[in-house]
Q: 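I have a structure I would like to understand better, so I am pasting it below and will then ask my questions one at a time.
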2 protein chains.
Amino acid sequence: MKFDRELLKGTTETFILAVVAEEPSHGYQLVKKLKLKSEGIFQLGEGTLYPLLYKLEAKDWIKGKWDESAGMRKRRVYRITPKGRRQLAARSEQWRELVRGMTLLLGDSAHA
Amino acid sequence: MKFDRELLKGTTETFILAVVAEEPSHGYQLVKKLKLKSEGIFQLGEGTLYPLLYKLEAKDWIKGKWDESAGMRKRRVYRITPKGRRQLAARSEQWRELVRGMTLLLGDSAHA
DNA sequence: GCGTATACCTCGTATAACAAAGTATACACC
DNA sequence: GGTGTATACTTTGTTATACGAGGTATACGC
């Protein structure tokens, strides 16, 4: 979906954490996976995803490791850290609150 | 609730439109109303709300009119325009898609 | 040797929500 | 008639985020 530019802000970190938590992944793979698993709703470009991964790693929420298996393009595989799990829980909580607030305010408009 | 700074982005215009659509209101009133109706989840400051109202009016999604009834501090009452209603519908649709995408991706994490 | 899919990296831009500070009016109360 | 509080609006500066557009380089099929 083509979102109104700002709508995604603050949610991306959360769903990336969630997907990485479910299964360690590398960047390029995440681009595909996010699109697939969200049924095309989220389509992050690489220019969005990679810098985000660096940031998450810098905060120690995920940890990347180079995978240089023979006969493969080398790739950096990220897995979630304990700290990342705690963040994910906190973010999910905030997300649920946001949804609750919006539901309260949108009311009928939400089903227009 | 204290949100993670960026999480609200893109949602504020939507719920303001929704509340104004339900009933014409002036700025100061909206600050209170948003907090009340969202059960304290959304607490926009005036420094956030007023500029937003100006922007929405500039886009012709809401229309303000000075109310100078006697014995009252004069206030600017906003009501939604037809264009605003269409926007509200579009925004609500996007919001629902976002929720759907997040639900797909968060999965178990959403109930942690 | 050529095309395509894979995989990663970097820079510039727009703009949004917020805090903080300011102005000014109505009204209750002593 | 002076003080405090709630009402009501305005403006400025800061921070950060998602994105597009561009770039590099490797594996593999044919």
Q: Using a cut-off of 4.0 Å on non-hydrogen atoms, how would the nucleic acid contact of Glu13(A) be classed: base, sugar-phosphate, or nothing?
A: sugar-phosphate
Q: Can you tell me if the side-chain N/O atoms of Lys74(B) get under 4.0 Å from OP1 or OP2 in dA24(C)?
A: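 So the side-chain polar atoms of Lys74(B) never come under 4.0 Å of the phosphate oxygens OP1 or OP2 of dA24(C).
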Q: When the distance from CG of Leu49(A) to P of dA18(D) is rounded to whole Å, what number comes out?
A: 11 Å
Q: Using the closest heavy atom to pick a nucleotide of DNA chain D for each, name whichever of Arg76(B) or Thr48(A) lands nearer the 5' end.
A: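 Of the two residues, Arg76(B) wins.
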Q: Would Glu39(B) and Arg100(A) pass as an ion pair if we require N to O under 4.0 Å?
A: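 Yes, Glu39(B) and Arg100(A) are salt-bridged.
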Q: For Phe15(B) and dA16(C), what is the distance between atoms CZ and P respectively, to the nearest whole Å?
A: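 One finds 14 Å between P of dA16(C) and CZ of Phe15(B), rounded.
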Q: Can you measure Gln29(A) atom CD to dA7(C) atom C1' for me and round it to whole angstrom units?
A: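 Distance, rounded to whole Å: 11 Å.
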Q: Starting from the C-alpha separation in whole Å, work towards a yes-or-no answer on side-chain contact (heavy atoms from CB on, under 4.5 Å) for Ile62(B) and Ile16(B).
A: CA-CA 10 Å; Ile62(B) 59 176; Ile16(B) 287 173; 5.7 Å; no
Q: Between Glu13(A) (side chain) and Leu52(A) (backbone), is there a donor-acceptor pair under 3.5 Å?
A: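 No; judged by distance alone, with no hydrogens or angles, the pair does not exist.
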Q: Select one nucleotide: of dC18(C), dA8(D), dC9(C), the one nearest the side-chain heavy atoms of Glu46(A).
A: dC9(C)
Q: Just to be sure I understand the rule, does Gly27(A) reach a base, reach only the sugar-phosphate, or reach nothing, if contact means heavy atoms closer than 4.0 Å?
A: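 Sugar-phosphate contact only - Gly27(A) comes under 4.0 Å of backbone atoms but never of a base.
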Q: Taking the side chain of Tyr28(A) as its heavy atoms from C-beta onward, which of dA17(C), dT17(D), dA7(C) lies nearest to it?
A: dA7(C)
Q: Which pair of non-hydrogen atoms, one from Ser92(B) and one from Thr14(B), has the smallest distance, and what is that distance?
A: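 Smallest heavy-atom distance, with atoms named: N-CG2, 4.4 Å.
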Q: Could you check how far NZ of Lys35(A) sits from P of dC19(D), rounded to whole Å?
A: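 Lys35(A) atom NZ is separated from dC19(D) atom P by 14 Å.
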Q: Quickly work out the Tyr78(B) OH to dA8(D) P distance and round it to whole Å.
A: 13 Å
Q: Specify the separation, in whole Å, of atom CG of Leu30(B) and atom C1' of dT7(D).
A: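 From Leu30(B) CG to dT7(D) C1': 14 Å.
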Q: Counting heavy atoms from C-beta on, name the nucleotide in dC18(C), dC9(D), dC8(C) closest to the side chain of His26(B).
A: dC9(D)
Q: So if I take residues 50-67 of chain B and measure heavy-atom distances to DNA chain C, which residues fall below 4.0 Å?
A: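 Listed by number, they are Leu52(B), Lys55(B).
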Q: From the set dT6(C), dA17(C), dT7(D), return the single nucleotide nearest to any side-chain atom of Arg73(A).
A: dT6(C)
Q: Which class fits the ring pair Trp95(B) and Trp95(A): parallel under 30°, tilted 30 to 60°, perpendicular over 60°?
A: tilted
Q: Is the shortest distance from a Lys or Arg side-chain nitrogen in Glu68(A) or Arg73(A) to a carboxylate oxygen in the other one below 4.0 Å?
A: no
Q: Output yes when Glu23(A) and Arg79(A) qualify as a salt bridge under the 4.0 Å nitrogen-oxygen rule, no when they do not.
A: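 Salt bridge: no.
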Q: Whole angstrom is fine here: how far is it from CG in Leu98(A) over to P in dA17(C)?
A: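 My rounded result for the distance is 12 Å.
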Q: Would you mind reading off the distance between Lys9(A) atom NZ and dT15(C) atom C1', rounded to a whole angstrom?
A: 6 Å
